[in-house]
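Notes for the one structure printed next.
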Amino acid sequence: MELDEIRALRRALHGCPEVSGQEAKTKALLMDFLRARTGLELHPCGEGFYAARREPEGTKPPIALRADYDALALPGGGAAHLCGHDGHAAALCGAALSLEGEALDRDVFFLFQPAEETGAGAPGCLELFDRERVAEIYGAHNLPGYPLGRVFTRPGTFACASRGVMLAFEGRPAHAAYPEDGLSPATAVGRLLCALPELARAERYGGLTLCTVIGAELGERAFGTAAACGEVWLTLRAEADGDLERLYGDILRLSAGLAGEYGLGFRHGVQDVFPATVNDPECAKQVLEQCGGELLPAPMRWSEDFGHYLRRCPGAFFGIGAGEGCPALHTRDYQYPDELLGPTVGAFRRLALG
C-alpha cells in the first residue's frame with residue numbers, strides 16, 4: 001500500500017514540474033502528503049521545508065535525510081523532471097511513511113530541498129543545522145547505467161565541484177571596411193580558447209580537472225560592422241575545491257592578461273556554483289554496511305549542492321542504480337523508474353533505523 005501511494009505521489013510530482021526557485025505547487029503537494037499520512041512536525045527551511053520525527057529518549061545521534069524536488073529547465077522554456085528529483089522526493093516521503101509507528105532510538109529530520117539544479121537551494125536550507133541538533137546527514141541520487149537498486153558510495157569526494165564562468169571582452173566598433181579603426185576582441189578570444197585545454201590538464205593540479213566550453217559569442221551578424229565585444233562561457237569542474245579555485249584563478253589571470261595585451265575591457269562573473277561533495281569516511285562506511293553498498297571507484301563528474309551540507313555536518317551522499325538500460329540524466333528520454341522507489345525507501349529507512 002505504501003509503495004502504491006508513493007508511486008502515485010511520484011507521478012503527481014512528475015506531472016507538475018517546476019524550475020528551481022519556482023516550486024510552489026511541488027512543495028505544497030509534498031507537505032499535504034505528509035500532513036495527511038504522518039504525525040511529523042513540518043517546518044520551513046530556507047525556501048524548502050523539513051519534517052521532524054522526535055524521540056526524546058533516543059540514545060543514537062540525530063540524523064537528517066535529504067531529497068531535492070526541483071525540475072530541469074528546458075531550453076525552449078518550461079520544465080521537466082529529467083533528473084529524477086520527483087523520485088527522490090517521493091522516496092523520502094515513503095521512508096517517512098514507512099517509519100510511522102516504528103520505535104526509533106533517535107531524532108530523524110526529513111529535509112526537502114528546492115533549487116538543486118542551480119545550486120541555490122542548499123545554502124538556504126543550512127539553517128536546519130542552526131535550529132536542530134543534527135549529527136549526520138545523508139542524501140541519494142539515482143544513477144542511470146548502474147544495476148537497478150544497487151547502492152554505491154565512496155569516502156572522500158563523491159561528486160565534483162563545479163562553477164559556471166562568464167568572461168567578457170570589450171573593444172571598440174568600426175566599419176567592416178576599416179577594421180583597423182576599431183578594437184576587436186577576436187584574437188584574444190581565439191587565443192584564450194586555444195589555451196584552455198592546456199590550462200585544465202589534471203597534471204597541473206593533482207586531480208581531475210575539466211574546463212568545458214559551453215559557448216562563445218563574438219560581435220553580431222551585421223556584416224558592415226567589425227566585432228567589438230565577445231563572451232566566452234565555461235563550466236569548470238574539479239575533484240577538489242582547491243583545484244577548482246586554482247583553475248579558476250589561472251583562467252582569470254590569462255583572460256585579464258590577454259585583455260590588457262590588446263587594450264580590451266574585461267569583466268567576469270560566475271553562476272551555478274557547487275562545492276565538491278566530500279563524504280565523511282565513517283558515514284560512507286555506514287552507507288556501505290547498512291545499505292549493502294558497493295564502493296564507487298572514482299568520483300562522479302557531475303555536481304551536487306549536497307556538498308554545502310557536508311561542510312557543516314558529517315554525512316555521506318550515495319547513488320542508487322536506476323538500471324543499465326535507463327537513459328542518461330538530463331536527456332529527453334529519461335524518466336525516474338518507479339521500480340527504484342522501493343530500494344530507495346529501503347536505504348533511507350535503514351539509515352534512519354541505524
Side-chain angles (χ1 to χ4, degrees), residues 6-7 9-23 25-27 29-30 47-48 65-94 111-122 125 138-146 148-149 151-153 158-164 212 214 235 237 271-275 277 296 299-309 317-341 343-345 347-348:
I6 63 168
R7 285 191 196 101
L9 173 62
R10 205 279 304 168
R11 290 167 186 169
L13 294 170
H14 191 80
C16 65
E18 295 171 301
V19 298
S20 300
Q22 300 179 28
E23 309 97 327
K25 292 180 182 176
T26 303
K27 179 179 175 181
L29 187 58
L30 291 166
E47 295 301 315
L65 305 172
R66 172 272 206 174
D68 41 20
Y69 58 74
D70 55 326
L72 194 70
L74 298 176
H81 274 294
L82 302 180
C83 200
H85 298 184
D86 52 340
H88 300 165
L92 189 57
C93 284
L111 175 59
F112 293 85
Q113 181 211 301
E116 187 281 327
E117 293 290 355
T118 61
C125 290
Y138 296 90
H141 203 292
N142 73 97
L143 298 180
Y146 289 77
L148 183 71
V151 170
F152 297 87
T153 195
F158 178 92
C160 287
S162 70
R163 178 178 305 174
T212 303
I214 303 303
T235 296
R237 296 186 188 278
Q271 67 181 69
D272 294 7
V273 176
F274 294 81
T277 299
L296 198 65
M300 291 292 178
R301 287 190 179 188
W302 42 259
S303 302
E304 237 297 336
D305 70 358
F306 194 84
H308 287 288
Y309 302 127
F317 198 71
F318 57 97
I320 304 186
E324 288 97 332
C326 182
L329 300 172
H330 291 207
T331 62
R332 180 182 299 178
D333 295 330
Y334 172 84
Q335 184 168 171
Y336 184 96
D338 279 345
E339 297 81 6
L340 186 53
L341 289 168
T344 307
V345 169
F348 280 137

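Numbering starts at 1 and runs along the sequence shown. Please read these numbers as outputs of a predicted model, since none were measured by experiment.
- The shortest heavy-atom contact between Pro327 and Pro144 is O-CB, 3.3 Å.
- When the salt bridge (charged side-chain N to carboxylate O under 4.0 Å, His left out) test is applied to Asp70, no partner is found at least two apart in sequence or on another chain.
- Between Ala79 and Pro17, the closest heavy-atom pair is O-CG, 3.4 Å.
- Side-chain contact between Leu82 and Thr331 is absent, with no heavy-atom pair separated by less than 4.5 Å.
- Under the rule for a side chain to side chain contact (heavy atoms under 4.5 Å, CB included), the partners of Ala115 that lie at least two apart in sequence or sit in another chain are Ser20, Glu23, Thr118, Ala120.
- When the side-chain hydrogen bond (donor to acceptor under 3.5 Å, both in side chains) test is applied to Glu47, no partner is found at least two apart in sequence or on another chain.
- Contacts of Phe317 classified as ring pair (Phe, Tyr, Trp, His ring centres under 6.0 Å), with partners at least two apart in sequence or in another chain: Phe158, Phe306.
- Not counting sequence neighbours, the partners of Tyr334 by the side-chain hydrogen bond (donor to acceptor under 3.5 Å, both in side chains) test are Asn142.
- Scanning for salt bridge (charged side-chain N to carboxylate O under 4.0 Å, His left out) contacts around Asp338 gives Arg10, Arg11, with sequence neighbours left out.
- Remark: Thr277 engages no residue in a side-chain hydrogen bond (donor to acceptor under 3.5 Å, both in side chains) (not counting sequence neighbours).
- To the nearest 0.5 angstrom, Arg301 atom CZ is 13.0 Å from Ser162 atom OG.
- For Glu304, the salt bridge (charged side-chain N to carboxylate O under 4.0 Å, His left out) test picks out Arg66, with sequence neighbours left out.
- Nearest heavy atoms, His308 versus Gly119: NE2-O, 4.2 Å.
- The shortest non-hydrogen separation linking Ala347 to Phe318 is CB-CE1, 4.0 Å.
- Residues in residues 323-334 take part in no salt bridge (Lys or Arg N to Asp or Glu O under 4.0 Å) pair, two or more places apart or across chains.
- Note that the CZ atom of Phe112 and the NZ atom of Lys27 stand 12.0 Å from one another [nearest 0.5 Å].
- For Leu13, the side chain to side chain contact (heavy atoms under 4.5 Å, CB included) criterion is met by Leu9, Thr26, Leu29, Leu30, Asp86, Ala89, Ala90, not counting sequence neighbours.
- Annotation: salt bridge (Lys or Arg N to Asp or Glu O under 4.0 Å) contacts involving residues 111-121, sequence neighbours excluded, are absent.
- When all heavy atoms of Leu65 and Leu92 are compared, the pair lying nearest together is O-CD2, 3.5 Å.
- Nearest heavy-atom pair across Gly307 and Pro275 is C-CG, 3.8 Å.
- Tyr138 is linked by a side-chain hydrogen bond (donor to acceptor under 3.5 Å, both in side chains) to Glu136, counting only residues two or more places apart in sequence or in another chain.
- A distance of 14.0 Å separates CD of Glu18 from CG of Leu72, quoted to the nearest 0.5 Å.
- Rounding to the nearest 0.5 angstrom, the gap separating the OG1 atom in Thr344 from the CD1 atom in Ile320 is 3.5 Å.
- One distance of note links CD1 of Ile214 with CG of Asp272; it measures 10.0 Å at 0.5 Å rounding.
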What's the verdict on ring pair (Phe, Tyr, Trp, His ring centres under 6.0 Å) for Trp302 and His141, showing C-alpha distance, side-chain angles and the deciding distance? CA-CA 11 Å; Trp302 42 259; His141 203 292; 5.2 Å; yes
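- In this structure, Arg237 CZ and Thr212 OG1 are separated by 6.5 Å, a value rounded to the nearest 0.5 Å.
- Around the OH atom of Tyr146, the shell of radius 6.0 Å holds no more than 12 heavy atoms that belong to other residues, nucleotides or ligands.
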